[in-house]
Structures are given as structure tokens and as C-alpha cells.
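If you're wondering where the values come from, they're calculated on a predicted model, not measured in any experiment.
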Amino acid sequence: MLGVETCSREIPCASPPLILVALVSFVAGPNAARAAAPPRHDQAPGFFRLKVGDLEVTALYDGTGAFDPHWLTGAKATLDGVVKALHEDPHMLDVADTGFLVNTGKQLILVDAGAGAWWGGGAFGRLAASLRSAGYTPEEVDIVLITHLHSDHLGGLTTQDGKRVFPNADVYVAKADSDFWLSPEIAAKAPKDAQPSFQSAQAIAKPYIKAGKWHTFSGSETIVDGMQLIPLPGHTPGHTGYEFSSKGQKSYFGATSSMHCASNCSIPRSLAIFDSDQAAALATRQQLLPELAREDVLIAGPHMLFPGLGRLHKEGSGYSWAPVVFTDQWVERAPSPQK
């Protein structure tokens, strides 16, 4: 009946009944396909861009890590607050390392270059690949602005074998930072645990100095039209932020604190052992954070979780970080999150 073979002891079946084959295929087929699909471990490319006035700002992912709470210092009550907050949110001190590309329409300007292979034990060093994923090449970068000469902001400039990653770029850094970190005399007198920081800064800067591509500034001189230098002394001697203005909109590039907004924005009196002058670092933070919260400024923070773009809001005795909302669409302006 219905073309299905009839089997008996006298007439054995030459093949399984057709209806049985169909049932087996129906039941086993989809399940087998699902079981055979291997998991995928790749992620989306590490860039995110938006428009601020006429500027295109692109965040470039370099890597992620965690800030050791033992690196924080301050009054006991302040540190107790950090410990309590960590119990409530164990990921509070997770950090990223991010550089930011500003396309002015005439120049490509990179603010901070990530760690490269100079810091983090292989956890970082993805910025150049993120730049390519965003549609640019290292050779196209015209200017690199460095906030300070710690290797997690500087290392992406140079490979371990001494080659310039951005061969056509002019590098700008505060003279106070350059004079400090590149001085053999200061390095010789530095504590032993600080020696690697001096050695890496000098090795990273060397090929740009040799090529005549290393430049310093000491005042309010103009490097880029529409960009203002913001001195941020304390974390390092010449720590500097960069504020771009375009069509009445502002974007600020630099750390809003010595390290990470989760610890230093919500608890602004906490400091880091990396702060070379802790009194100056605290004074800088207490002046800077209210200004950023008061004005409608897009903040690009290299250690905020990627993409590191957002705004500050005053909240009690501290500040809250309001990140930009992710979108896969091109937006003309990053909206201000509601308070």
C-alpha cells in the first residue's frame, strides 16, 4: 500500500521501508545539523565612530584588563568605600585601553596609541588592527597626540624591534613629560620598580626622535586648528588632555581621572600609585570633573570600557559615567543621556 514494501520471513526486505527512511531523516537531520555546528569565538572589529560637529571620532580598541585594587591609594575611608563597591560589583575595576582617531576632513589625528607589545603581557596591542578594520591604515595617520608617556598610552607607536608603526605621523607630547621620562639622569635616580617605565618610554620614542618626528609643547601653542591643550598635572609631570571644538560641540580626549572612571569618578578622592604627584593629581581631578559634568562635553576616556565615549553627571559627592548608546547606524551627534 502506498508503494511501501511488504516484508515477511519468506520475502525479506532488500532495503528499509521508505517511510522509515523518511522518518529517520526528519528526526535525525535537523538535530544532527545543530550538533555539528562548531562554536564561533571571533568578535566584531574593535572600532566605533560617531560625529561631533564636523569631526569624525573613532574609538579604536587596543585590549582589556583589570585594575588591581592594590594600585589605589588614599584615605582609609576612601579605600574602604572601594572595597565595599567591589563586593557589590566585582567588575567595577575592569578597564580597557583605547585610542581615538579624529578625522578633521584635512588630517587624521590619533590621540594615544595604546600599549602595543610594551605592556600587559599580550592582552593589548590590537589598535593598529582596529584602525585597519575602521577603513584606515597606519600610514595615513598625520599626527599622534600623546596624553602622557606611560607605555599603555605610548607603546602602540613602535614595534618591539624598533620600527615606527605610524611612519608618516608627527608625534606631539608635553615637554614636561618628554623631559622627565626621556632623561637618562632622572631614570638613573628612579626607584628600581620604575626603571622599566623609563626604559620602555625611551625605546618607544627613539625611532621618532631619530626621524625628526618627535615634537614637544610647553604652553598653549596651536598644534591643530580647533584643538585646545588641557594641562592635567599630577598623574605624570606633563599629563595633557586635548579638547576639540567644532560647530559649537566639544569633545575631550584624556583621562577624567588618573586611571579609571569607575573608581575615580564615583569616589573622586581615590588615587593611584602611578600618580607621580598625588597632591597635584587630586587637585587636577577636583577641578576637571566639575567642569566636564557642567558642560555638554563628549568625553573620550582611554581606560573607560570600550568604546570609552560618554559624559559625566554629578551624583552625590561623586560623579556617574553615562556611556554613549551603541548603534550600528551612523549618527550625526552622540545624544546626551538623560540624567
Side-chain angles (χ1 to χ4, degrees), residues 39-67 88-104 108-115 123-136 147 152-153 156 241-244 246-247 249-257 259-266 289 292-293 295-315 319-339:
R40 296 296 300 268
H41 302 294
D42 51 336
Q43 295 283 15
F47 71 90
F48 177 80
R49 57 176 144 234
L50 46 75
K51 194 171 185 181
V52 185
D54 281 333
L55 304 176
E56 178 195 77
V57 177
T58 304
L60 301 171
Y61 177 77
D62 192 57
T64 53
F67 187 79
E88 297 173 357
D89 180 7
H91 295 286
M92 187 186 82
L93 295 182
D94 288 357
V95 296
D97 205 14
T98 304
F100 301 93
L101 187 72
V102 180
N103 187 340
T104 68
L108 286 180
I109 303 165
L110 179 65
V111 183
D112 279 348
F124 303 98
R126 295 165 175 79
L127 186 142
S130 297
L131 178 69
R132 292 186 178 93
S133 294
Y136 299 104
T147 58
D152 54 326
H153 298 257
Y242 303 96
E243 185 176 85
F244 286 77
S246 176
K247 286 191 170 180
Q249 299 177 34
K250 293 183 178 181
S251 49
Y252 164 83
F253 299 81
T256 57
S257 65
M259 282 302 295
H260 181 226
C261 205
S263 61
N264 293 130
C265 289
S266 59
L289 296 183
L292 293 176
E295 301 181 24
D296 185 25
V297 179
L298 176 72
I299 300 166
H303 289 312
M304 266 62 111
L305 294 180
F306 190 79
L309 297 165
R311 289 176 172 81
L312 279 185
H313 296 311
K314 188 75 174 73
E315 188 172 287
Y319 300 86
S320 62
W321 172 248
V324 297
V325 177
F326 177 84
T327 175
D328 61 354
Q329 303 295 313
W330 172 251
V331 291
E332 290 296 306
R333 187 176 191 273
S336 298
Q338 295 298 313
K339 297 183 180 179

**Request:** Find out whether I109 and Y242 are in side-chain contact, i.e. whether some heavy atom of one side chain is under 4.5 Å from a heavy atom of the other.
**Result:** no
**Item:** F244/F253 aromatic ring centres below 6.0 Å
**Value:** yes
**Prompt:** Atom CG of L50 and atom CG of L309: how far apart are they, to the nearest 0.5 Å?
**Reply:** 5.5 Å
**Close side-chain approach of K250 and L298, heavy atoms under 4.5 Å** = no
**Message:** Does any part of the side chain of V324, heavy atoms only, come nearer than 4.5 Å to the side chain of F48, both counted from C-beta?
**Reply:** yes
**Asked** Of the non-hydrogen atoms in H153 and P302, which two are nearest, and what is the gap between them?
**Response** CE1-CG, 3.6 Å
**Prompt:** When rounded to the nearest 0.5 angstrom, what is the spacing between CG in L108 and CG in N103?
**Reply:** 5.0 Å
Extract all donor-acceptor atom pairs below 3.5 Å that involve side chains of residues 124-131 and protein atoms in other chains or at least two apart in sequence.
residue : atom : partner : partner atom : Å
R126    : NH1  : A123    : O            : 2.6
S130    : OG   : G46     : O            : 3.2
S130    : OG   : Y61     : O            : 2.8
S130    : OG   : R126    : O            : 3.1

**Request:** Write down the atom of G254, the atom of T147, and the distance for their closest heavy-atom approach.
**Result:** CA-CG2, 4.1 Å
**Contact summary for F306 and T98, nearest pair of heavy atoms** = CD1-OG1, 3.7 Å
**Message:** So does D97 get a backbone contact from the side chain of H303, meaning a donor-acceptor N/O pair under 3.5 Å?
**Reply:** no
**L60 and F100, any side-chain heavy atoms less than 4.5 Å apart** = no
**Asked** Would you say D62's side chain and G99's backbone share a donor-acceptor pair under 3.5 angstrom?
**Response** no
**Message:** So L55 and T104, do their side chains get closer than 4.5 Å, heavy atoms only?
**Reply:** yes
